[in-house]
Amino acid sequence: MSGNIFVDTFSVALLSAFMCNLVNNIPMTAMMLSIIQQAGLSSTLNTAMGYSLVIVQTWAPILRHSGLLPGYSGLRVHEDNGWNTTITDLLKIGLFVTPIAILGASMILAIELSI
């Protein structure tokens, strides 16, 4: 960790987002939380890293089908109502919205904790 709240928050968010798509998001979050807790960070950085993991755990698993359970449920509801939405449509939107949401939320978190 660099000690810079902005760099560290973005780094953990990006690394965790990548890892959430390799592994399921909840085991990845538990693993990263354990690593962060043992890193000996200041209380502000420790808080930033924890919240960063929460942000990523919520948004990142767009690329894995196991992370898209709400998406699948939504597709089923759409089918029942006669809407024609596919998993590809969800992925197209998710690949655009997810990085923006993660980086935006991480930026707001870093600003909040640096004030």
Side-chain angles (χ1 to χ4, degrees):
M1 299 286 160
S2 71
N4 182 326
I5 195 164
F6 290 96
V7 171
D8 292 344
T9 302
F10 288 129
S11 298
V12 167
L14 293 175
L15 175 65
S16 299
F18 175 74
M19 290 177 61
C20 269
N21 287 291
L22 294 177
V23 185
N24 199 346
N25 58 335
I26 298 197
M28 185 286 311
T29 302
M31 178 189 69
M32 287 294 289
L33 189 57
S34 175
I35 291 168
I36 288 170
Q37 286 176 337
Q38 295 185 16
L41 303 172
S42 69
S43 63
T44 302
L45 271 178
N46 200 24
T47 302
M49 300 303 101
Y51 283 131
S52 182
L53 287 174
V54 170
I55 291 166
V56 170
Q57 190 266 338
T58 304
W59 281 93
I62 191 70
L63 297 178
R64 284 185 54 94
H65 297 299
S66 63
L68 290 173
L69 184 58
Y72 281 131
S73 300
L75 286 176
R76 182 71 179 151
V77 169
H78 286 186
E79 283 178 11
D80 291 345
N81 290 312
W83 296 353
N84 187 18
T85 306
T86 65
I87 193 70
T88 307
D89 294 333
L90 285 179
L91 285 173
K92 286 178 188 175
I93 293 167
L95 288 174
F96 177 74
V97 171
T98 300
I100 294 169
I102 289 173
L103 292 176
S106 296
M107 183 176 65
I108 291 168
L109 172 65
I111 291 169
E112 279 287 322
L113 292 175
S114 68
I115 295 177

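Applying the side-chain contact (heavy atoms from CB on, under 4.5 Å) test to I108 and every residue at least two apart in sequence or in another chain returns E112. In this structure A13 satisfies the side-chain contact (heavy atoms from CB on, under 4.5 Å) test together with S52, V56, I102, S106, sequence neighbours excluded. For P27, the side-chain contact (heavy atoms from CB on, under 4.5 Å) partners two or more places apart in sequence, or in a different chain, are V23, N24.
Rounding to the nearest 0.5 angstrom, the gap separating the OH atom in Y51 from the CG atom in N46 is 11.0 Å. Atom CE of residue M107 and atom CZ of residue F6 lie 9.0 Å apart, to the nearest 0.5 angstrom. Atom CD1 of I100 sits about 8.5 Å away from atom CG of L103, to the nearest 0.5 Å. Note that the CG atom of L33 and the CG atom of L53 stand 6.0 Å from one another [nearest 0.5 Å]. In this structure, OG1 on T9 lies 7.0 Å from CG on L45, to the nearest 0.5 angstrom. Here CE of M49 is found 13.0 Å from CD of Q37. Values are rounded to the nearest 0.5 Å.
Under the 4.5 Å side-chain heavy-atom criterion for grouping Ile, Leu, Val, Met, Phe, Trp and Tyr, F10 is connected to L15 within one hydrophobic cluster. Placement of M31 and I36 within a single hydrophobic cluster is found when ILVMFWY residues are connected by side-chain heavy-atom separations under 4.5 Å, directly or transitively. I35 and L14 end up in the same hydrophobic cluster when Ile, Leu, Val, Met, Phe, Trp and Tyr side chains are linked at under 4.5 Å. A single hydrophobic cluster is not seen to contain both I111 and V54; linkage of ILVMFWY side chains at heavy-atom distances under 4.5 Å, directly or through other members, places them apart.
Closest heavy-atom contact between S16 and M28: O-CE, 3.7 Å.
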